[in-house]
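Okay, so here's the structure we're looking at.
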Amino acid sequence: MELTDVVRRRRMVRTYSSRPVDRAVLDRILENALHAPSAGFSQGWAFLVLDDPDDVARFWRSTTDGGLDAPDRWLRGMMTAPVVIVPLSHKDAYLDRYAEPDKGWSDRDESRWPVPYWHLDTAMASLLMLLTVVDEGLGACFFGIPPAALAGFRTEFGVPEGYTPIGAITVGHRVQDVGTRGSASRGRRPLAEVVHRGDWGRGWPEAGEDAGGAPR
Ligand SMILES: Cc1cc2nc3c(=O)[nH]c(=O)nc-3n(C[C@H](O)[C@H](O)[C@H](O)COP(=O)(O)O)c2cc1C
């Protein structure tokens with residue numbers, strides 16, 4: 001599929017068919033995640049893959065705080081996914097990498113970081129997985145794990161303290177028309193609203209209005 005098609009077709013999918021995900025497809029999704037950029041090539045990420053029905057059930061049990069007794073529409077749909085991937089960021093990999101001589105931040109001072117690159121890079125890897133899913137003709141949804149559920153999730157799956165789940169991704173064969181309910185119904189913000197060209201007070205010219213350089 002063309003890149004632009006993949007990017008534009010990617011929408012979050014929240015209901016799946018019972019068809020399993022091929023192992024080769026899962027491998028490709030995960031392999032592509034490893035091609036995300038990372039600060040200092042730290043690659044401080046890890047992926048907990050749950051592709052066994054019992055493990056997927058354990059995920060929902062440990063993260064929904066009793067919600068399984070009366071699952072709402074969202075949860076009923078999400079629980080149909082045959083695969084859940086939990087991307088985790090590893091801060092210490094970054095602090096260690098940047099303490100090396102070529103970076104020189106041997107004090108490991110976190111205030112040096114403009115934003116937490118460990119989360120940023122893991123999010124980039126997650127986006128590559130979401131795009132690969134579309135390229136494979138499947139669907140996925142990135143969603144958050146409630147903070148109150150994190151301790152239980154860690155215990156359930158033996159996740160070490162230094163690893164932070166930045167969210168979770170359901171993966172499966174889509175059965176749903178996407179993009180019409182909930183947050184997605186808000187619509188995409190236009191370029192004119194989000195792009196500032198040359199100065200915050202200036203917008204992005206419509207095609208045809210562009211005289212060839214930033215307006216002065
Ligand atoms: C960081 C992040 C957290 C999200 N959390 C949830 C979530 O908890 N539940 C959910 O259904 N969708 C979640 N989404 C999906 C957004 O609702 C969705 O991306 C947005 O509505 C735009 O729709 P689209 O991705 O289909 O284009 C999340 C997306 C991101 C990037």
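We count residues from 1, following the sequence as given.
- Grouping the Ile, Leu, Val, Met, Phe, Trp and Tyr side chains by contacts below 4.5 angstrom, directly or via other members, places Leu138 with Met12.
- Looking only at side-chain heavy atoms (C-beta outward), Leu30 and Ile85 come within less than 4.5 Å of each other.
- A salt bridge links Arg23 to Asp27: at least one charged side-chain nitrogen sits closer than 4.0 Å to a carboxylate oxygen.
- Here Trp45 contributes atom CH2 and Leu34 contributes atom CG; the two are 7.0 Å apart, rounded to the nearest 0.5 Å.
- Counting only residues at least two apart or in different chains, ring pair (Phe, Tyr, Trp, His ring centres under 6.0 Å) contacts with residues 8-37 are absent.
- A single hydrophobic cluster is not seen to contain both Val25 and Leu128; linkage of ILVMFWY side chains at heavy-atom distances under 4.5 Å, directly or through other members, places them apart.
- Without hydrogens or angle criteria, Arg197 side chain to Arg202 main chain gives no donor-acceptor distance under 3.5 Å.
- Between Thr132 and Arg28, the closest side-chain pair of non-hydrogen atoms falls below 4.5 Å.
- In the hydrophobic clustering of ILVMFWY residues, with side-chain heavy atoms under 4.5 Å counting as a link, Tyr94 and Phe41 come out apart.
- Side-chain contact check for Tyr163 versus Leu48: every heavy-atom pair is 4.5 Å or farther apart.
- Tracing side-chain contacts under 4.5 Å through hydrophobic residues (I, L, V, M, F, W, Y), one reaches Val134 starting from Leu127; they form part of the same cluster.
- Using a 4.5 Å heavy-atom cutoff, the side chains of Tyr117 and Ser89 are not in contact.
- No continuous path of hydrophobic side-chain contacts links Leu131 to Leu120 [ILVMFWY only; heavy atoms under 4.5 Å].
- Nearest heavy-atom pair across Ser126 and Pro87 is OG-CG, 3.4 Å.
- No side-chain heavy atom of Pro165 sits less than 4.5 Å from a side-chain heavy atom of Val159.
- A salt bridge is absent between Arg61 and Glu156; no separation between the charged side-chain nitrogens and carboxylate oxygens falls under 4.0 Å.
- Here the CG-CD1 distance, from Leu130 to Ile169, works out to 5.0 Å after rounding to the nearest 0.5 Å.
- The local environment of CD in Glu100 is crowded, with over 12 non-hydrogen atoms from other residues, nucleotides or ligands closer than 6.0 Å.
- Scanning both residues, Asp121 and Ala39, for their nearest heavy atoms gives OD2-N, 2.8 Å.
- Between the side chain of Ser17 and the main chain of Arg19, a donor-acceptor pair closer than 3.5 Å is present.
- Within the 4.5 Å cutoff, no side-chain heavy atoms of Val13 are placed close to those of Cys141.
- Between the NE2 atom of His173 and the OG atom of Ser18 there is a distance of 10.0 Å, given to the nearest 0.5 Å.
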Before you tell me yes or no, could you show the steps for Asp96 and Arg108 under side chain to side chain contact (heavy atoms under 4.5 Å, CB included), namely the whole-Å CA-CA distance, both residues' side-chain angles and the distance that decides it to 0.1 Å?
CA-CA 7 Å; Asp96 290 347; Arg108 298 167 60 91; 2.3 Å; yes

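- Environment of CD in Glu193: crowded, with over 12 heavy atoms of neighbouring residues, nucleotides or ligands closer than 6.0 Å.
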Full working for side chain to side chain contact (heavy atoms under 4.5 Å, CB included) between Asp135 and Asn32:
CA-CA 11 Å; Asp135 197 39; Asn32 279 1; over 6 Å; no

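- Within the structure, ring pair (Phe, Tyr, Trp, His ring centres under 6.0 Å) pairs that include any residue of residues 125-149 comprise Trp60-Phe143, Trp74-Phe143 (at least two apart or interchain).
- With hydrogens and angles disregarded, no donor-acceptor distance shorter than 3.5 Å links the side chain of Asp22 to the backbone of Ala24.
- Atom CG of residue Leu68 and atom CZ of residue Arg76 lie 12.5 Å apart, to the nearest 0.5 angstrom.
- One N or O on the side chain of Arg97 and one on the backbone of Gly40 form a donor-acceptor pair closer than 3.5 Å.
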Would Val86 and Phe59 count as a side chain to side chain contact (heavy atoms under 4.5 Å, CB included) here? Give the steps.
CA-CA 10 Å; Val86 182; Phe59 173 81; 3.9 Å; yes

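- Taking CD of Gln43 as the start and NE2 of His90 as the end, the distance is 13.5 Å to the nearest 0.5 Å.
- Atoms CE and OG1, on Met79 and Thr15 in that order, are 12.0 Å from each other to the nearest 0.5 Å.
- Side-chain contact check for Arg112 versus Tyr98: every heavy-atom pair is 4.5 Å or farther apart.
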Derivation of the side chain to side chain contact (heavy atoms under 4.5 Å, CB included) call for Val7 and Glu2
CA-CA 9 Å; Val7 169; Glu2 288 290 323; over 6 Å; no

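- Note: Phe157 and Phe153 have tilted aromatic rings, judged against thresholds of 30 and 60 degrees for the angle between ring planes.
- At a threshold of 4.5 Å between non-hydrogen side-chain atoms, the residues Ser38 and Met124 do not count as touching.
- Nearest heavy atom pair, residue Arg174 against residue Gly137, reads CD-O, 4.4 Å.
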